[in-house]
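Okay, structure first, notes after.
Every chain is numbered from 1, with letters handed out A, B, ... down the list of sequences.
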Amino acid sequence: MRQLNDKTAHEFDHRQIADAAVATWNEVKNAASKISEADTKYYCLCMLPYPSGRLHMGHVRNYTIGDVITRYQRMNGRDVLQPMGWDAFGLPAENAAIKNGVPPAKWTYDNIDYMRKQLKSLGFAIDWSREVATCDPRYYRWNQWLFLRMLEKGIAYKKTGTVNWDPVDQTVLANEQVIDGRGWRTGALVEKREIPMYYLGITSYADKLLKALDHLPGWPERVKIMQANWIGKSEGVEIHFPYDRQSIGADGALKVFTTRADTLLGATYVAVAAEHPLAEAAAARNPQLVAFIDECKKGGVTEAELATQEKKGMDTGLFVRHPLTDEKLPVWIANYVLMGYGEGAVMAVPAHDQRDFEFARKHGLPLKVVVRSEAGDVLAADAMREALVEHGIIVNSGVYDGLTTAQAIDAVANELKKRSLGEKRTVFRLRDWGISRQRYWGCPIPIIHCPGCGDVPVPDRDLPVVLPEDLAPDGSGNPLVKCEAFVNCACPTCGKPAKRETDTMDTFVDSSWYYMRYACADNDQAMVDERVNQWLPVDQYIGGIEHAILHLLYSRFWTRVMHDLGLVNFEEPFTNLLTQGMVLNHIYFRKGKSGGITYFSPDDVTPVMNEQGQITGATHKADGQPVEYGGMGTMSKSKANGVDPQALVDKYGADTVRLFMMFAVPPEQSLEWSEAGVEGAHRFLKRLWKAVVDHVQSGPAPKLDSAMLNDAQRELRRQVHATIAKVSDDIGRRYMFNTAVAATMELLNAITRSDDASPQGRAVLQEALESIALLLTPMAPHTCEALWQMLGKDGAIVNANWPKPDPEALVRDTIEIVVQVNGKLRGRVAVAADADRKQVEQAALAEPNVQRFVEGQTIRKVIVVPGKLVNLVV
RNA sequence: GCCCGGAUGGCGGAACUGGUAGACGCGCGGGACUCAAAAUCCCGUUCCCCCUAAAGGAGUGUCGGUUCGAUUCCGACUCCGGGCACCA
């Protein structure tokens, strides 16, 4: 054990305390993870950071939560694995390269080195021997290897997909790089473009991924609801509208999917996406349609943009036939119909679908009412102000009249099936996972394009396909395309010259299985080995709520694929999930003339407020010119609103920063960043330090004899053990670290108030101080290590056993009961802890203030909540 | 636009299963110590009424409901945050 020097023993010097603690932990190897018996393993995992440059407060929050749980579980006897790694591929490294000309690899590795140092300075018990960086070929070769397995199984496949195209930079843009429909650097109007891409068939796992949510009791309800809605299972009917041969000039049928087949007789037109084959066929004969289709291709591809854009449409002049009535229905092109969803076509029922209603009114298309609400009359189509969307009774539909919505769906589906013009189908909102990225800084997709053999998978023996690390992107396209040493290769099948695929993988691939690799990071022969089945599934996963859907769903999918390939023996990767709320800060920005956006740090602007004290804008400190206010948002490098914790760590020490973070707010809530309160956390540690110094100055405390205690000593001891019970529950079950800290603060307040120098008084105090040190070790491990030593204890506190409350110490003789009259608080009475209902009732009625309110009234009812309150209803 | 959350004193938050609203901390006010300041310690601190206290009244984003009793449950709404498939 490293001893503190004399000066430190009196003053709270966070640097010396930290140095001594770290030396002690290195001696006892506190962070090392080893497997002993299977039932004591505990895998505590935090989402790995993107190495953006410096830690921000969101990281500190995330990793402190993980470390608190890790240290708590260790003190409870578990063999804990807490690893760390780097989500090291991605767009910011390319942006930094464009800005500074530094290759993404160097920028990334420098950031990792700096951030690793920062994490170490915060005192997290991380097993660094397992560190993984996803940009390391020893890691990403296994992305490539599994991708090839998925190709073999047909889970990975190639098809076209839509991307944002910047016509000026001649490059594909990420959704984040499209602002108000324009490229962020060029300001050019972005276009949609169809290109070939590789996809992973997550939709074939949709049902399993949905059903398994019911067997994840350790996941937050809100995350499970979001995932279920995202997967979006819906039962409906696929309906075929035969082509009208006269106008289309070909046989065939237009397929649509609908959940409201009961309204089929109300369909008055059909709408197809701009990219639909029927649209293209019609455009071949009509230049106006060509122009309209081009118009539809403007703008970005996000669902939010598509859902809020102005609804536009144009008649193709083509017709299809109604499958039941053979009526001619016009085919329209509509920009709200998406090629990527379902069949890229919808049947339109303006009377019973709000979007169709608005579209029909705008373009003068007819309405047919075919449903009435159960209580109401049949509405007149001309008088309708909005669509009647709810289920009801079918009307104006011949043989289906009088049926309910549910009955009519069945009847229509049966009839369509009889005519071979459709049938019931289950569809999912979930789409297959497109993983191709036209970017440099990512994992190369292991495919070779041969003029003779086509797309040839890279043989396993040639893995990894190594990404050259010395390229620097310039903003126009992927530099890999121009890197001949990378592109040119021999076809593995025929040996003739061929070209490598230059697309790289989505970075969500990297983060879909990194947590398995920690268990076997040293294995260079296989993706995973038996150690993965020993450590996994992860017992506790901790990360931001922003990952509730994509990352967590992809990881669940990837795990199932590996399970089905026989690589792992579990199907779900994360048993318990804690979704941390975001750390928010103000966002300030300026829009450039061409549409680009520049963000400014809140430190560099002076906010302008209105009379209500709300921020409406700001001026830049350097140039005095106005800056726009963008509200509160997640701390991130790209929005320039991250706060580097380093200054606080330097000033107050890691323990103060950790303690403050845990005390400020419960983990699931979002946190609007403010430094107010850091001083308070620091003051608390100093007060605790002083209490221990004062106590040990009078020499060792005598042995505690609980039979010898007076009332005050018994009461303090009761509070000590009540605090142990509360903190254990708050950390171990509730994950309410803020109230755990508050409870130790209350205990310290009680200790400071009691001034008992008697032998048993000092014995109680010794027990109290030892307990506080143990209870605070997960949050403030450095300080508690020193306190432990000062209190004369052997060994490292981080390896000590978590305290258990003594049931005898918790016993109370009397309790306070609250008395209400008509639900309003009118008094309190003390009763014996074992008093029965009648005694409690009598004590309540005897209370003078209660009598004032009861006098002259009849008591109609008496409600007694044992141990809590009495309510007299008069 | 759609899906998921949230809103409690001057501020961060507590109240765990429908039972004392405001624990704990910050800030602020007053006092002690000091030549003085910092640090530290003590007292007070939801609002209204009131010299003060006791007692009382109001009060958990807004409006309405269920209940002996609602921050907690139900309905409608407002604002804020997260996600929307190429930010990670």
Side-chain angles (χ1 to χ4, degrees), chain A residues 47 49-50 52 87 90-92 95 161 163-164 172-178 220-223 225-226 228-230 232 301-309 336 340 355 429-439 506-508 511 544-551 553-554 579 581-582 584 631-634 636-639 660 663-666 668-672 674 676-681 683-684 686-687 690 729-730 733-734 736 738-739 741-746 749 752 816-825 828 849 852 860-863 865 868-874:
Chain A
M47 289 182 187
Y50 178 79
S52 56
D87 188 15
L91 206 51
N95 294 336
V163 294
N164 305 301
V172 175
L173 297 178
N175 288 337
E176 190 193 44
Q177 299 171 313
V178 179
E221 212 52 46
R222 61 166 158 163
V223 174
I225 293 170
M226 280 192 265
N229 289 339
W230 184 261
V301 300
T302 69
E303 196 182 297
E305 209 174 325
L306 297 168
T308 52
Q309 74 187 351
Y336 65 82
R355 199 171 51 179
R429 203 187 77 97
L430 183 68
R431 312 201 300 261
D432 275 345
W433 176 12
I435 59 156
S436 292
R437 298 291 179 270
Q438 297 68 47
R439 284 184 222 301
D506 180 6
T507 55
F508 276 124
S511 56
I545 184 66
E546 76 274 24
H547 294 295
I549 296 172
L550 292 180
H551 161 61
L553 193 60
Y554 290 147
T579 43
M582 304 281 79
L584 310 176
M632 298 298 275
T634 310
S636 76
K637 177 136 182 148
S638 61
K639 300 245 162 44
F660 167 67
F663 180 57
V665 55
E668 303 222 287
Q669 278 184 38
S670 52
L671 165 62
E672 295 187 7
S674 158
V678 179
E679 282 282 355
R683 256 197 304 256
F684 169 61
K686 281 197 291 187
R687 286 209 305 133
K690 189 170 175 298
D729 189 49
D730 281 351
R733 179 183 66 89
R734 295 211 305 149
M736 290 282 282
N738 54 332
T739 52
V741 175
T744 62
M745 286 175 169
E746 284 185 76
N749 289 344
T752 337
E816 191 179 66
I817 297 284
V818 166
V819 188
Q820 296 179 334
V821 179
N822 286 346
K824 282 191 190 295
L825 175 66
R828 295 155 207 273
N849 198 47
R852 278 182 46 207
R860 290 200 333 216
K861 202 169 172 185
V862 180
I863 292 141
V865 182
K868 282 229 168 103
L869 66 69
V870 177
N871 188 16
L872 306 167
V873 185
V874 300

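- Between R429(A) and E303(A) there is a salt bridge, since a side-chain N of the basic residue sits under 4.0 Å from a carboxylate O of the acidic one.
- Look at G9(B): its glycosidic torsion is within 90° of 0, and that puts it in the syn range.
- When heavy atoms are screened at a 4.0 angstrom cut-off, S638(A) is found touching no nucleic acid atom at all.
- Contacts of F508(A) with the nucleic acid, taken as non-hydrogen atoms under 4.0 Å apart, include base atoms.
- Atom P of A54(B) sits at a distance of 37 Å from the matching atom of G6(B), rounded to the whole Å.
- Heavy atoms of T634(A) sit under 4.0 angstrom from primed sugar atoms or phosphate atoms, though from no base atom.
- Nucleic acid contact for Q820(A): base, since at least one base atom lies under 4.0 Å from a heavy atom of the residue.
- Looking at which nucleotide of RNA chain B each of E303(A) and I863(A) is closest to, the 5′-most match is held by I863(A).
- Here the side chains of E816(A) and L869(A) are not in contact, with every heavy-atom distance at 4.5 Å or above.
- Taking the C1' atoms as reference points, G13(B) lies 13 Å from A7(B), given to the whole Å.
- For S638(A) and S636(A), the side-chain atoms include at least one donor-acceptor pair closer than 3.5 Å.
- Using a 4.5 Å cut-off on side-chain heavy atoms (C-beta onward), V821(A) and R852(A) make no contact.
- When all heavy atoms are compared, the tightest approach of G544(A) to M47(A) is N-SD, 3.8 Å.
- A side-chain donor-acceptor contact under 3.5 Å links D730(A) and T739(A).
- Rounded to a whole angstrom, the distance from the P atom of C2(B) to that of G12(B) is 30 Å.
- Between R734(A) and D729(A), some side-chain heavy-atom pair lies under the 4.5 Å cut-off.
- No contact: E672(A) has no heavy atom under 4.0 Å from any strand.
- Heavy atoms of H547(A) sit under 4.0 angstrom from at least one base atom.
- Here L872(A) lies out of heavy-atom contact (under 4.0 Å) with every strand.
- When RNA chain B is scanned 5' to 3' for any atom under 4.0 Å from a heavy atom of chain A, the first and last hits are G1(B) to A88(B).
- Rounded to whole Å, the P atom of C11(B) lies 33 Å from the corresponding atom of U66(B).
- Among the heavy atoms of the strands lying under 4.0 Å from R437(A) is at least one base atom, whether or not backbone atoms are also near.
- Looking at heavy-atom distances under 4.0 Å, K824(A) makes contact with sugar-phosphate atoms alone, never a base.
- Residue G633(A) is in sugar-phosphate contact alone, with no base atom involved, counting any heavy-atom pair closer than 4.0 Å across all strands shown.
- To the nearest whole angstrom, the two P atoms, one in U8(B) and one in C63(B), are 16 Å apart.
- Within the 4.0 angstrom heavy-atom criterion, base atoms lie near W230(A).
- Backbone-only engagement by N849(A) is indicated by non-hydrogen atom pairs under 4.0 Å involving sugar-phosphate atoms exclusively.
- Taking atom P on both G56(B) and C4(B), the two are 45 Å apart, rounded to the nearest angstrom.
- Nucleotides A88(B) and A39(B) are separated by 44 Å at their C1' atoms, to the nearest Å.
- When only modelled atom types and interatomic distance are considered, R860(A) and N822(A) share no side-chain donor-acceptor pair under 3.5 Å.
- Look at the P atom in both G9(B) and U62(B): the space between them is 10 Å, to the nearest Å.
- Among the protein residues, R733(A) comes within range of the nucleic acid bases, having at least one heavy atom under 4.0 Å from a base atom.
- Looking at I863(A) and V870(A), their side chains never come closer than 4.5 Å, going by heavy atoms from C-beta outward.
- Residues N871(A) and V862(A) are not in side-chain contact: their nearest non-hydrogen atoms beyond the backbone lie 4.5 Å or more apart.
- Checking T634(A) against E546(A) by side-chain atom types alone, no donor-acceptor pair falls below 3.5 Å.
- Judged by closest nucleotide on RNA chain B, N749(A) is the one of N749(A) and Y50(A) placed further toward the 5' end.
- In this structure, R828(A) reaches the bases: a heavy-atom distance under 4.0 Å links it to at least one base atom across the strands shown.
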Item to complete: Treat a base pair as Watson-Crick or G-U wobble with both distances under 3.5 Å, then lay out RNA chain B in dot-bracket form, 5' to 3', with | for cross-strand pairs.
Response: (((((((..(((......[....)))((((((.......))))))(((.......)))..(((((..]....))))))))))))....
